[in-house]
Student: 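Before I ask anything, let me first share the structure, which is written out below as structure tokens.
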Amino acid sequence: MEKIIALLDCNNFYASCERAFNPALNGKPIVILSNNDGCIIARSNEAKALGIPMGEPYFKAKHIIENNNVKVFSSNYTLYGDMSARVMATLAEFVKDIEIYSIDEAFIDLTNYPEPEKLANTIRQSVGKWTGIPVSIGIGQTKTLAKAANRVAKKYKSYNGVFRIDAEERRQKALKSMHVGDVWGIGRQINKKLASCNINTAYDLSIQPDNWIKSNLTICGLRTAQELRGNACIEFEETPEARKSIVVSRSFGGTVFEHQGIKEALSNFAERAAVKLRGDGLLAKRAQVFLYHELVARGGSNHNSTITVEFDYPTDSTCEIIKATSAAISSMFVAGMGYKKCGLVLLGLINKAGFTKDLFDNRNLHKQDSVMQAMDYLNNSMGSGTIMLASSKGKGGWVAKKDNKSFCYTTRWDELPVVH
DNA sequence: TCTGGGGTCCTAGGACCC
DNA sequence: TCTGGGGTCCTAGGACCC
């Protein structure tokens with residue numbers, strides 16, 4: 001049966017979060033910076049209108065920012081994550097089948113609702129009212145068409161934030177007005193390739209023969225084309241699949257030359273990764289550890305900068321993870337080198353609930369778990385960093401820059417908004 | 001001088017997404 | 001001088017097995 005899929009997307013999400021607690025920012029240009037205050041990763045409409053591109057390094061855009069009095073924020077993921085949860089909770093008041101796709105997007109299956117557009121309008125208004133976050137909703141027969149419809153909803157004010165691709169005529173019109181590079185699933189590389197074949201709009205791509213698409217763009221491109229034609233190839237997934245990896249990595253605030261500083265940074269990142277692992281009830285079988293020096297950060301070769309370590313047994317223990325990854329990063333460290341970034345990836349993730357010890361595993365898992373549970377409890381209830389391993393504590397020369405952070409208005413008692 | 005074929009699993013790299 | 005972080009999937013190639 002034909003489905004009706006909607007995509008709800010928060011408008012300029014991070015910028016809208018900052019505004020929700022600081023109404024003086026309404027109508028003003030604002031930008032949000034990535035970790036380490038490196039790049040611009042979100043912009044209000046006013047900032048977009050000034051010609052500040054997405055992903056632009058902060059220092060390159062500084063002149064536009066200063067000349068136009070643009071407000072600048074370091075990213076505040078605690079705030080954005082909490083606001084995201086509020087938006088999703090509001091959505092759940094109205095519909096049952098929701099697939100949370102990213103921090104600011106959700107697909108909704110509206111197949112069994114009699115008046116999808118009317119419902120979408122109600123959702124949009126309610127989310128705006130209850131959370132302060134403006135959203136747009138696109139509706140179509142497939143996820144890719146819902147994405148395309150969402151672009152139309154955002155672009156043309158007259159639709160009031162909701163647009164549905166229902167009839168064939170509307171589908172063709174929407175696809176003909178859409179650049180192929182803006183289609184969900186078509187990135188820079190494929191866009192370049194398509195341009196050289198004179199395929200410029202979403203519609204152009206949708207009418208290419210299947211075998212041409214498959215041999216030039218692989219199976220992924222073919223799926224996208226099918227979806228544009230209205231044939232669903234990308235499943236709607238209400239229950240998210242178990243994650244397959246956990247990454248924690250950071251660029252350093254400055255260049256780090258000391259072995260101790262590198263170990264300290266990685267120890268911090270490993271602690272975060274282990275907390276995520278336990279939060280999801282998973283165990284990791286191995287970790288990839290990487291350490292990049294200055295030349296790599298500037299785009300040079302990253303030869304010999306990654307090591308994979310296999311844990312003796314699947315683990316979620318902060319101590320075991322730090323011990324193994326710390327040894328790996330030490331073996332990569334070269335005295336005299338200036339380092340810019342390091343991190344780890346936990347892989348081979350399995351469900352802790354289904355894990356049974358083998359005969360040779362002589363760890364005292366019960367004791368280990370009790371310690372970890374106590375650590376997690378203290379850090380959850382009294383703030384992260386309340387208790388940590390000694391190896392994570394130090395001078396912190398690697399800590400990232402964050403010069404313009406807003407308050408955690410919704411998650412810290414001492415940073416609640418004040419009404420005068 | 002001559003040197004198979006088919007299958008699986010793993011990994012690295014590249015593409016995409018937000 | 002200063003350029004993020006966290007994910008997914010696909011493909012090709014190597015190792016290994018019979």
Side-chain angles (χ1 to χ4, degrees), chain A residues 7-10 12-14 31-42 53-63 65 72 74-77 80-81 84 99-107 143-144 147 150 180-194 214-224 227 233-235 237 240-255 269 272-273 276-277 280 285-286 288 290 292 294 296-308 310 338 340-349 400-403:
Chain A
L7 174 72
L8 173 142
D9 191 325
C10 301
N12 312 326
F13 182 56
Y14 298 167
V31 297
I32 286 85
L33 305 179
S34 67
N35 186 54
N36 226 1
D37 291 347
C39 297
I40 290 162
I41 52 166
M54 173 69 178
E56 180 86 337
Y58 178 35
F59 73 91
K60 280 193 184 172
K62 229 166 187 166
H63 61 286
I65 286 171
V72 177
S74 302
S75 37
N76 182 349
Y77 284 103
Y80 310 151
S84 172
E99 177 189 337
I100 297 175
Y101 177 67
S102 73
I103 194 166
D104 71 330
E105 282 174 79
F107 288 105
K143 285 182 168 179
T144 308
K147 276 263 185 189
N150 197 289
V180 72
D182 293 330
V183 172
W184 189 49
I186 305 297
R188 281 230 309 281
Q189 301 304 317
I190 294 176
N191 185 39
K192 215 192 283 176
K193 198 170 195 171
L194 290 172
K214 196 175 173 193
S215 61
N216 286 279
L217 310 182
T218 79
I219 192 83
C220 305
L222 184 56
R223 272 202 287 260
T224 297
E227 287 248 322
C233 297
I234 304 173
E235 291 292 311
E237 287 163 31
E241 299 229 341
R243 67 156 106 218
K244 301 186 166 102
S245 65
I246 290 173
V247 180
V248 178
S249 73
R250 294 282 184 283
S251 297
F252 302 145
T255 307
F269 304 161
R272 283 169 179 266
K276 281 195 204 180
L277 200 56
D280 282 5
K285 291 183 181 170
R286 57 183 172 279
Q288 264 175 16
F290 56 90
Y292 293 162
E294 291 167 300
V296 176
R298 289 193 209 117
S301 154
N302 59 2
H303 190 57
N304 287 341
S305 54
T306 303
I307 286 183
T308 302
E310 202 80 25
K340 290 299 242 187
K341 177 175 181 170
C342 77
L344 75 161
V345 188
L346 297 178
L347 294 162
L349 306 187
K401 268 189 296 210
K402 239 182 204 319
D403 292 336

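Reminder, nothing fancy here: chain letters follow the sequence lines and each chain counts from 1. Since we're looking at a predicted model, the values are computed, not measured.
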Student: What orientation do A/Phe269 and A/Phe252 show, parallel under 30°, tilted 30 to 60°, or perpendicular over 60°?
Tutor: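 If you compare the ring of A/Phe269 with that of A/Phe252, the planes turn out parallel.
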Student: Could you tell me which residues satisfy salt bridge (charged side-chain N to carboxylate O under 4.0 Å, His left out) with A/Glu99, sequence neighbours excluded, listed by chain and number?
Tutor: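 A/Glu99 satisfies salt bridge (charged side-chain N to carboxylate O under 4.0 Å, His left out) with A/Lys143 only.
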Student: On DNA chain C, nearest-nucleotide positions of A/Cys39 versus A/Arg250: which is more 5'?
Tutor: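 Whichever sits nearer the 5' end wins; that is A/Cys39.
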Student: For the pair made of OH in A/Tyr80 and P in C/dG5, what is the distance, rounded to whole Å?
Tutor: 15 Å
Student: Can you sort out the partners of A/Arg243 under salt bridge (charged side-chain N to carboxylate O under 4.0 Å, His left out), two or more places apart, ordered by chain and number?
Tutor: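 A/Arg243 satisfies salt bridge (charged side-chain N to carboxylate O under 4.0 Å, His left out) with A/Asp280 once adjacent residues are dropped.
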Student: Counting side-chain heavy atoms from C-beta on, which of C/dG7, B/dC16, C/dC2 comes nearest to A/Arg243?
Tutor: C/dG7
Student: Find every protein N or O atom lying less than 3.5 Å from an N or O atom of nucleotides 10-15 of chain C, and list the pairs.
Tutor:
from: C/dC10; atom 1: OP1; to: A/Arg223; atom 2: NH2; distance (Å): 2.9

Student: Have a look at A/Lys276 and say if it touches a base, only the backbone sugar-phosphate, or nothing, with a 4.0 Å heavy-atom cut-off.
Tutor: sugar-phosphate
Student: Starting at CG of A/Leu349 and ending at P of C/dG7, how long is that distance when rounded to a whole Å?
Tutor: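 Rounded to whole Å, this separation is 10 Å.
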Student: CD of A/Glu235 versus P of C/dC9: gap in Å, rounded?
Tutor: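 So the two atoms are 13 Å apart, to the nearest Å.
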Student: Using a cut-off of 4.0 Å on non-hydrogen atoms, how would the nucleic acid contact of A/Arg272 be classed: base, sugar-phosphate, or nothing?
Tutor: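 Counting heavy atoms under 4.0 Å across all strands, no contact is made by A/Arg272.
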Student: Within the structure shown, what part of the strands sits under 4.0 Å from A/Asp104 by heavy-atom distance: base, sugar-phosphate, or nothing?
Tutor: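 The answer is sugar-phosphate, as A/Asp104 gets under 4.0 Å only of primed atoms, P, OP1 or OP2.
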Student: So which of A/Ile103, A/Asp104, A/Asn76 actually passes side-chain contact (heavy atoms from CB on, under 4.5 Å) with A/Tyr14?
Tutor: A/Ile103
Student: Please work out if A/Ile103 contacts a base, only the sugar-phosphate, or nothing of the nucleic acid, heavy-atom cut-off 4.0 Å.
Tutor: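 A/Ile103: no heavy atom of the nucleic acid under 4.0 Å.
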Student: For a quick check of understanding: with a heavy-atom distance under 4.0 Å over all strands, which category does A/Lys341 fall into, base, sugar-phosphate or nothing?
Tutor: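 Sugar-phosphate, backbone atoms only, no base.
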Student: Starting at CZ of A/Phe59 and ending at P of C/dG4, how long is that distance when rounded to a whole Å?
Tutor: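 Answer to the nearest Å: 10 Å.
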Student: Can you tell me how far P in B/dC2 sits from the matching atom in C/dC18, rounded to whole Å?
Tutor: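 Here B/dC2 and C/dC18 have their P atoms 29 Å from each other.
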Student: Starting from P on B/dC18, measure out to CG on A/Asp182 and report it in whole angstrom.
Tutor: 11 Å
Student: Please state how far atom CG in A/Leu347 lies from atom C1' in C/dG7, giving the value in whole angstrom units.
Tutor: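 Those two atoms, CG and C1', are 12 Å apart.
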Student: Please give the stem ranges for DNA chain B, sorted by first residue number, where a stem is three or more consecutive Watson-Crick or G-U pairs and both donor-acceptor distances are under 3.5 Å.
Tutor: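 As far as DNA chain B goes, consecutive pairing (with distances under 3.5 Å) yields the stems B:5-18 with C:5-18.
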Student: Any sub-3.5 Å donor-acceptor pair from A/Thr144's side-chain atoms to A/Thr224's backbone N or O?
Tutor: no
Student: Who are the side-chain hydrogen bond (donor to acceptor under 3.5 Å, both in side chains) partners of A/Thr255, not counting sequence neighbours?
Tutor: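 Listed in chain order: A/Lys340.
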Student: Checking all strands, does A/Val248 fall into the base, sugar-phosphate, or nothing category for heavy-atom contacts under 4.0 angstrom?
Tutor: sugar-phosphate
Student: Hey, could you give me the OH/CG distance between A/Tyr77 and A/Asn35, rounded to the nearest 0.5 Å?
Tutor: 8.0 Å
Student: Compare the minimum distances between each of C/dT8, C/dT3, C/dG5 and the side chain of A/Lys244, then state the nucleotide with the smallest one.
Tutor: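 Selected nucleotide (nearest to the side chain): C/dT8.
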Student: How close or far is atom C1' of C/dG5 from atom CG of A/Leu344, stated in whole angstroms?
Tutor: 13 Å
Student: Taking 4.0 Å as the cut-off, does a side-chain nitrogen or oxygen of A/Ser102 come that near to OP1 or OP2 on B/dC17?
Tutor: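 No, no such contact exists.
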Student: Closer to the 5' end of DNA chain C via nearest nucleotide, is it A/Lys401 or A/Ser251?
Tutor: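 Comparing both residues, the 5'-ward one is A/Lys401.
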Student: I'd like to check A/Thr308 versus A/Leu347 (side-chain heavy atoms, cut-off strictly below 4.5 Å). Are they in contact?
Tutor: no
Student: Any base atoms under 4.0 Å from A/Tyr101, or only sugar-phosphate, or nothing? Heavy atoms, all strands.
Tutor: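 The answer is sugar-phosphate, as A/Tyr101 gets under 4.0 Å only of primed atoms, P, OP1 or OP2.
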Student: Can you name the nearest heavy-atom pair linking A/Glu56 to A/Ala61, along with the distance?
Tutor: CG-CB, 4.0 Å
Student: To the side chain of A/Asn35, which of B/dC16, C/dG4, C/dG6 is closest?
Tutor: C/dG4
Student: Select one nucleotide: of B/dC18, B/dC16, C/dG4, the one nearest the side-chain heavy atoms of A/Gln189.
Tutor: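 In terms of side-chain proximity for A/Gln189, the closest of B/dC18, B/dC16, C/dG4 is B/dC16.
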Student: Scan A/Glu56 against the nucleic acid and name what it touches under 4.0 Å (heavy atoms): base, sugar-phosphate only, or nothing.
Tutor: nothing
Student: What is the nucleic acid contact for A/Lys192, judged by heavy atoms within less than 4.0 Å: base, sugar-phosphate only, or nothing?
Tutor: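 No contact at all - A/Lys192 keeps every heavy atom at 4.0 Å or more from the nucleic acid.
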Student: Write down the distance between CD1 (A/Ile65) and C1' (C/dT3), rounded to a whole number of angstrom.
Tutor: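 That distance rounds to 14 Å.
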Student: List the residues meeting side-chain hydrogen bond (donor to acceptor under 3.5 Å, both in side chains) with A/Tyr58, not counting sequence neighbours, and say none if there are none.
Tutor: none
Student: Just so I know, are the side chains of A/Ile40 and A/Leu33 near enough to count as touching, which here means a heavy-atom distance under 4.5 Å?
Tutor: yes
Student: Examine C/dT8: is either OP1 or OP2 under 4.0 Å from a nitrogen or oxygen in the side chain of A/Ser245? Give yes or no.
Tutor: yes
Student: Is A/Glu241 touching bases, backbone alone, or none of the nucleic acid, heavy atoms closer than 4.0 Å?
Tutor: nothing
